[in-house]
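Before any comments, here is the structure.
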Amino acid sequence: MLWIGIAVLIVILDQLTKVLVLGSFQHGQGLALTSFFNLVRVHNPGAAFSFLSDAGGWQRWFFTGIGLAASVFIVYLLRSHPGQRLFCLALTCILGGAVGNVIDRMLHGYVVDFLDFYWGDWHFPAFNVADAGISVGAALLILDEILRVRRGR
């Protein structure tokens, strides 16, 4: 299935970049590349924006379970809607990102983040390729719904 292949590519790119970061940086270490972007090694035991990062450890398995359940549901949706290309692409991006972060949680107990964008003293929370896939997928889901509603008028 084409969509699963694309999700696998996202997972491979995500894990490859994380291996490079883990091998090149110590925890907390970074490298300034531009006036608005750093590579930095950050460990996030929580979810998006470090939600529940200090919850004591149970969140590792909670978020792993959510990621696995979401992945199964997404595969079901991909099989149920094969003709909806934009919808399937959106789900594929989310699937690749979810699996990439589940792998981190299972291997390390945290997600490895390394992309640090900032403006002045304000830093957007560090993220990774998997997070970018999830974000792109969410944006594509919104676009798909807007286009679907417009077609229905």
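No more than 12 heavy-atom neighbours from other residues, nucleotides or ligands sit within 6.0 angstrom of CZ on F73.
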(request) Run the numbers on E145 and L141 for side-chain contact (heavy atoms from CB on, under 4.5 Å), then give the verdict. (result) CA-CA 6 Å; E145 183 62 14; L141 275 179; over 6 Å; no
(request) Could you give me the CA-CA distance, side-chain angles and deciding distance for Y76 and I74, then say whether side-chain contact (heavy atoms from CB on, under 4.5 Å) is met? (result) CA-CA 5 Å; Y76 165 78; I74 288 170; over 6 Å; no
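Between the side chain of S24 and the backbone N or O of V21 there is no donor-acceptor pair closer than 3.5 Å.
Tracing side-chain contacts under 4.5 Å through hydrophobic residues (I, L, V, M, F, W, Y), one reaches L78 starting from L143; they form part of the same cluster. There is a path of hydrophobic side-chain contacts, each under 4.5 Å, that joins L2 to L140. By the rule that hydrophobic residues join a cluster once side-chain heavy atoms approach within less than 4.5 Å of another member, I103 and L9 end up as members of separate clusters. Residues I10 and L107 are members of one and the same hydrophobic cluster, defined by side-chain heavy-atom contacts under 4.5 angstrom among Ile, Leu, Val, Met, Phe, Trp and Tyr. Under the 4.5 Å side-chain heavy-atom criterion for Ile, Leu, Val, Met, Phe, Trp and Tyr, I4 and I134 are members of distinct hydrophobic clusters.
Scanning all heavy atoms of the two residues, the minimum distance from T17 to V129 falls at OG1-CG2, 3.6 Å. Shortest non-hydrogen contact noted between N44 and R105 is O-NH1, 4.2 Å.
Taking CG of L91 as the start and CD of Q84 as the end, the distance is 9.0 Å to the nearest 0.5 Å.
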Acceptor/donor pairs from residues 93-101 side chains to any protein atom, 3.5 angstrom cut, sequence neighbours excluded:
{"residue": "N101", "atom": "OD1", "partner": "K18", "partner atom": "NZ", "Å": "3.1"}
{"residue": "N101", "atom": "OD1", "partner": "N128", "partner atom": "ND2", "Å": "3.3"}
{"residue": "N101", "atom": "ND2", "partner": "D131", "partner atom": "OD1", "Å": "2.8"}

Could you list the donor-acceptor pairs under 3.5 angstrom formed between side-chain atoms of residues 31-43 and any protein atom two or more places apart in sequence or on another chain?
{"residue": "T34", "atom": "OG1", "partner": "F36", "partner atom": "N", "Å": "3.1"}
{"residue": "T34", "atom": "OG1", "partner": "F37", "partner atom": "N", "Å": "2.9"}
{"residue": "N38", "atom": "ND2", "partner": "D116", "partner atom": "OD2", "Å": "3.0"}
{"residue": "R41", "atom": "NE", "partner": "H43", "partner atom": "NE2", "Å": "3.0"}
{"residue": "R41", "atom": "NH1", "partner": "L22", "partner atom": "O", "Å": "3.3"}
{"residue": "R41", "atom": "NH1", "partner": "F25", "partner atom": "O", "Å": "2.6"}
{"residue": "R41", "atom": "NH2", "partner": "H43", "partner atom": "NE2", "Å": "3.4"}

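Between W119 and F124, every side-chain heavy-atom pair lies at or beyond the 4.5 Å cut-off.
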